[in-house]
Amino acid sequence: MDTEMEPKYDSKANEERIYEKWLHSGYFNPEKCEADGHTKKEAGVFSIVLPPPNVTGTLHIGHAAMLAVEDIMVRFARMKGSKTLWLPGTDHAAIATQSKVESIIYKKEGVNRHDLGREEFLKRVDAYAKESHDTITNQIRRMGASIDWSREAFTLDEKRNFAVKTAFKQMYDAGLIYRDFKVVNWDPKGQTVISDDEIVYEERKAKFYTFKYSADFPFAIATTRPETKLGDTAVAVNPNDDRFKQYIGKEFEVNFVGTKLNIKIIADENVDIEFGTGALGVTPAHSQIDWDMAQKNNLPLKQVINEYARIISDDPELTGKKTIEAREVIIDRLRTAGLLVKEEEITQNISTAERTGGIVEPLPKLQWFIDVNKEFSLVNSKINGVASGEPTTLKKLMRASVEGGQIKINPERFEKVYYHWIDNLRDWCISRQIWYGHRIPVWYPPEADSLQSGGQEPSADKFYVGVNPPEDKTWIQDPDTLDTWFSSGLWTFSTLGWPENSEDLKTYHPTTVLETGYDIIFFWVARMVLMSGFLLGEVPFKNVYLHGLVRDEKGRKMSKSLGNAIDPLELSDKYGADAVRLSLIIGAAPGNDVKLSEDRVRGYRNFSTKIWNAARFVMMNKVELAETPKLNTSQKQRIEEFSATKKEITEHLEKFELHLAGEKVYHYFWHTFADKVIEENKEYFKTGTTIEKQSAYYLLEKLLLDSLKLLHPFVPFVTEAVYEKFSPEKLLLVENWD
RNA sequence: GGGCGGCUAGCUCAGUUGGUUAGAGCGCUUCAUUUACACUGAAGAGGUCACAGGUUCGAAUCCUGUGCCGCCCACCA
């Protein structure tokens, strides 16, 4: 046998070669592992569905961290003999992808999506998505992900689309999906509605104006948005406020800077006596709370801002103006008329759209919603605390899934965050006015044009909801698409064949672990619990492992604009994917952010070299062993010491404490095996007897190969590269852990 | 306005249920060096574990309060 190993370990060449070797073996696929006897029946099932990266994106360091964590879990489970599935996929990421492609087309051809038309535009997006799909999947391979490519899914492929339509239909039939006209969050930049969770608050300085509508109005009101006051139909005061009691119920006709308003004085407990003037101008069309007050008090609605955040008015100087410009005009007029009482600077939270950064404009719109408080019952509930046939709600279901202990969130503190979100949850607006995504499976009769999303008024509820189009081909499908998180919510089971009751679904669902960043606990984690709870009556996963955000060495978020983004692929080329993986695992407790610097990665690259060189030394001294040689006392102790270390590492891995397991195995290999065990036995190879040489070699080879198993989940490439030198016919990938 | 997290060696962070002289990596100091590895080895310096109380035989770890730093949530118009 060859007892030489190349003096230098070339990570890049080896990593590419070894990934191919793994792929070729077919052992990323659980059925193949079972067929070849690597899976033990009694070890059970371990399944993870990959949080799908955006098809049109590229791999960033956060993805690399996610892949490292999941791959460690998966490799450990596979070596433990579990039937192990890691299922890959990509996300169509609706609005993100659409705007990306739009801007590319605009730059190249100077046309927008409306110029191209819906059909043509979608063709372009699909083409682009197909093209960039390979980029992201190749990058996933580069990190060493031992994922079952034969099951790859896409959130917008045919099977997933069928699942989405089925889910919509079932929820609609249960009365959980409804259509309503109300104030929603409109993103003027993205030209679509967004959900509450897609709002990002930004603190800004603003002017808080106190003024009277007109000289003949009895008191002043205060606002930061005077332009919306064109749409006021009431003033609300606290019923206990003596200053205003006398006015409650009265109506005033005022001339507000040239616009006639009918203002009714209403009482509402929620009005803060201390704040502003204690009187609140009610703008039903452009404020969520005001809308609610209007509903209670039967107030008329007056829309004064359009979809482009411009004023709608009879006043020629105001109409068509941007809201901020109109604000200035109005303030000027109030000041001139002597109606402006006070102007003060305050800081306020302004709502912006997460994806586009546009300032959110509350507008009344006809949209589709999921009712989170409506009662329904599950036919066959497997959720603790939710009985079959008993009334429950989506909110209750989401709470029970965690409260009943069927889902464990790690770190535990995020359970509180999760509950808090559920308790504050309002109905989820799921329709979007974008083209790229799952089209809403609802059709309207041809005469109902005005019913569609642009429509202002709810009309006759004549429409058809179904997985397949209606018989009557003249009916028109709703032009809107679904929130991307609607399809993502189905991900753990739509990827396993649902709505079909497939073998995969029976075997792998609920999945063992959902591993993702803590920043999408609401967007995604909670929505999966909701969907799985309602559609399957069970939890989507048993464990949630939330990794932190990867930051730069100064603790800043990595971003293109800051220029501090570290490219995991560049790093992998330079130092090896093994080193990148380790640097993202060690010291990264779940839920905690990781600070990454190139120095750190370099340190772990040195570790790969160490593994290679230690192995090289062992290989150099290879002797043939006819039988197991006798070991001396200290050698025996080394074996025991290894067993103890292995036990600790195994326990850490079983408890998902990857950062502790990683550190321990790193430390053991370098500072015990290499620094102590090898050094202690070196002398035997130089001056020892044949028997001593045999014992020393036996010990070193055993501890080396056993260590490689412990190391393999963390640094799969270099360990496999070494292992093949010692056991060319075997694959460490499917070696037995125990 | 609520809630959560952090504050441990010069820097980045571990420290699982409270238990002996508090750990790692990087950095620093000194030494070693033609035989696995300089992407190295050995030895070492460096910490009143944010602060103030309390519980305990014993606290970085549990409790209370304070101070910074960060994050999340919330319809003060």
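Letters go in sequence order (proteins before strands), and every chain restarts at 1. None of the values given here were measured: they were computed from a predicted structure.
A:H652 comes within 4.0 angstrom of a nucleotide base, judged by non-hydrogen atoms across all strands. Among the atoms of the strands shown, only primed sugar atoms or phosphate atoms (P, OP1, OP2) are found under 4.0 Å from some heavy atom of A:D675. Within 4.0 Å of A:E679, counting heavy atoms only, lies at least one base atom of the nucleic acid. Nucleic acid contact for A:R605: base, since at least one base atom lies under 4.0 Å from a heavy atom of the residue. Residue A:E663 is classed as a sugar-phosphate contact, given heavy-atom separations below 4.0 Å to backbone atoms only. Using a 4.0 Å heavy-atom distance criterion, A:Y201 is classed as a sugar-phosphate-only contact. Contacts of A:H286 with the nucleic acid, taken as non-hydrogen atoms under 4.0 Å apart, are absent. At a threshold of 4.0 angstrom between heavy atoms, the contacts of A:A674 include nucleobase atoms, whether or not backbone atoms are also involved.
For A:N613, counting side-chain heavy atoms from C-beta on, the closest listed nucleotide (B:C4, B:G25, B:C37) is B:C37. Here B:A14 is the nucleotide among B:A14, B:C73, B:G25 with the atom lying nearest to any side-chain atom of A:A589. Picking from B:A77, B:G25, B:A36 the nucleotide with the shortest atom distance to the side chain of A:I678 gives B:A36. Residue A:K610 has its side chain nearest to B:C37 when only B:U16, B:C75, B:C37 are considered. For A:F617, the side-chain atoms get nearest to B:A36 when compared with the rest of B:A74, B:C37, B:A36. The side chain of A:H659 lies closest to B:A14 when the candidates are B:A74, B:A77, B:A14. For A:F522, the side-chain atoms get nearest to B:C72 when compared with the rest of B:U40, B:U16, B:C72. Of the candidates B:C73, B:G25, B:C37, the closest approach to any side-chain atom of A:K682 belongs to B:C37.
With RNA chain B read from its 5' end, the first of the two nearest nucleotides for A:H420 and A:W670 is the one closest to A:W670. RNA chain B is contacted by both A:R426 and A:Y604; A:Y604 maps to the nucleotide lying nearer its 5′ end (nearest heavy atom per residue).
With hydrogens and angles ignored, the 3.5 Å screen pairs a side-chain donor or acceptor of A:K302 with a backbone N or O of A:L230. One N or O on the side chain of A:H286 and one on the backbone of A:I305 form a donor-acceptor pair closer than 3.5 Å. For A:D180 (side chain) and A:Q367 (main-chain N/O), no donor-acceptor pair under 3.5 Å exists by modelled atom type.
For B:A36, the OP1/OP2 oxygens have no side-chain nitrogen or oxygen of A:N621 closer than 4.0 Å.
B:G54 and B:G10 have their C1' atoms separated by 34 Å, with the value rounded to a whole Å. B:C31 sits 35 Å from B:A14 when the P atoms are compared, rounded to a whole Å. Separation of the C1' atoms belonging to B:C11 and B:G47 is 14 Å when rounded to the nearest angstrom. A distance of about 37 Å separates the C1' atoms of B:U55 and B:A74, rounded to the whole Å. Taking the P atoms as reference points, B:U40 lies 8 Å from B:C26, given to the whole Å. Across the C1' atoms, B:A52 and B:G67 are found 11 Å apart, a figure rounded to whole Å. As rounded to the nearest Å, B:U64 and B:U56 have C1' atoms that lie 16 Å from one another. Distance noted for atom C1' between B:G19 and B:A59: 10 Å (whole Å).
The separation between A:Y418 atom OH and B:G5 atom P is 19 Å, rounded to whole Å. One atom, OH of A:Y684, and another, P of B:A36, lie 17 Å apart when rounded to the nearest Å. The interatomic distance linking A:E202 (CD) with B:C73 (P) rounds to 13 Å, in whole Å. Across the protein-nucleic acid pair, A:F208 atom CZ and B:A77 atom P stand 7 Å apart, rounded to whole Å. Per the geometry, CG belonging to A:N185 stands 11 Å off P belonging to B:A74, to the nearest Å. Rounded to an integer number of Å, the gap from A:K655 NZ to B:G15 P is 12 Å.
Side-chain contact between A:F414 and A:V525 is absent, with no heavy atoms from C-beta onward closer than 4.5 Å.
The minimum heavy-atom distance linking A:E361 with A:T323 is given by the pair OE1-CG2, 4.1 Å. Nearest heavy atom pair, residue A:T672 against residue A:E641, reads CG2-OE1, 3.4 Å.
Salt bridge absent: A:R616 and A:E6 never bring a charged side-chain N and a carboxylate O closer than 4.0 Å.
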